[in-house]
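Counting starts at 1 for both ligands and their atoms, following the listed order. The analysis underlying the following values was restricted to heavy atoms, covering all of them including side chains, and did not include hydrogens, waters or symmetry mates. Computed from a prediction, not measured in an experiment: that's the story for all the values here.
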Amino acid sequence: MLNKHYPFFAESLPYSYSALEPYIDERTMYLHHDKHYQTYVDNLNKALKDYPAYHSWDLKALLSQLDSLPKEIRTQVRNNGGGVYNHELYFDCMGRDHPNPSMEFTRILSDAFGSLNGFLSKLKETALGRFGSGWGMLIFEINLGLRIISTPNQDVPDLTRCTPILPVDVWEHAYYLKYQNLRANYLDSWTKVIDWQIVERNYSLAVNFD
Ligand code: MN3
């Protein structure tokens, strides 16, 4: 994802639309991937189309150097590039194959957050506390290690020092069809479809790049 550049293409979902049933319904996954995510990809390309100087920039370069982009496209790249980045990681971190973290990763989470449940509660609380649309995220930050943060809209943290490990989408489009306004119920269900093998891979990559 991060080493791709213009024109960006949507990644296919790494499982079927119905794979996360009953926790996340097929229709939500279809709309979320084929409509919402696809639109972020299309609009990112549209923003960059007439700016060839940035066609070789990968997503991480674009998102971490927004201030050096022409101001006409800065907001479009921030919103749509962030949308591409966040959704690819979100879809990737879900699945039904690895519903539990390894002993080693459970220990790592416990060192940072007290216990696995302590981690999940803190992430849920942070995601619930995001007013309006945005994300809850486990990130790895240089010098600070694992942290839980929340970002508004499609913002990503400073990618020059933070690596997102596990994001959860709390825009209503992620849950409204099945859970309506009950964000907390969606978050409880989402924890059942985390693919921990992918999360642990993301963590190892982040730590080894540090
Ligand atoms: Mn979304």
Are W135 and Y90 an aromatic pair by the rule of ring centers under 6.0 Å? yes
Please determine whether a side-chain nitrogen of the Lys or Arg among E26 and K178 lies less than 4.0 Å from a carboxylate oxygen of the Asp or Glu. no
Looking at D169, pick out the N, O or S atom nearest to the Mn ion (ligand 1) and give its name. OD2
Which atom pair, heavy atoms only, marks the closest approach of I165 to A206? CD1-CB, 3.8 Å
If you check every N/O/S atom of H173, which is the one nearest the Mn ion (ligand 1)? NE2
For the pair R201 and D195, find out whether any cationic side-chain nitrogen is under 4.0 Å from an anionic carboxylate oxygen. no
How many degrees, to 10°, between H87 NE2 and H32 NE2 as seen from the Mn ion (ligand 1)? 90°
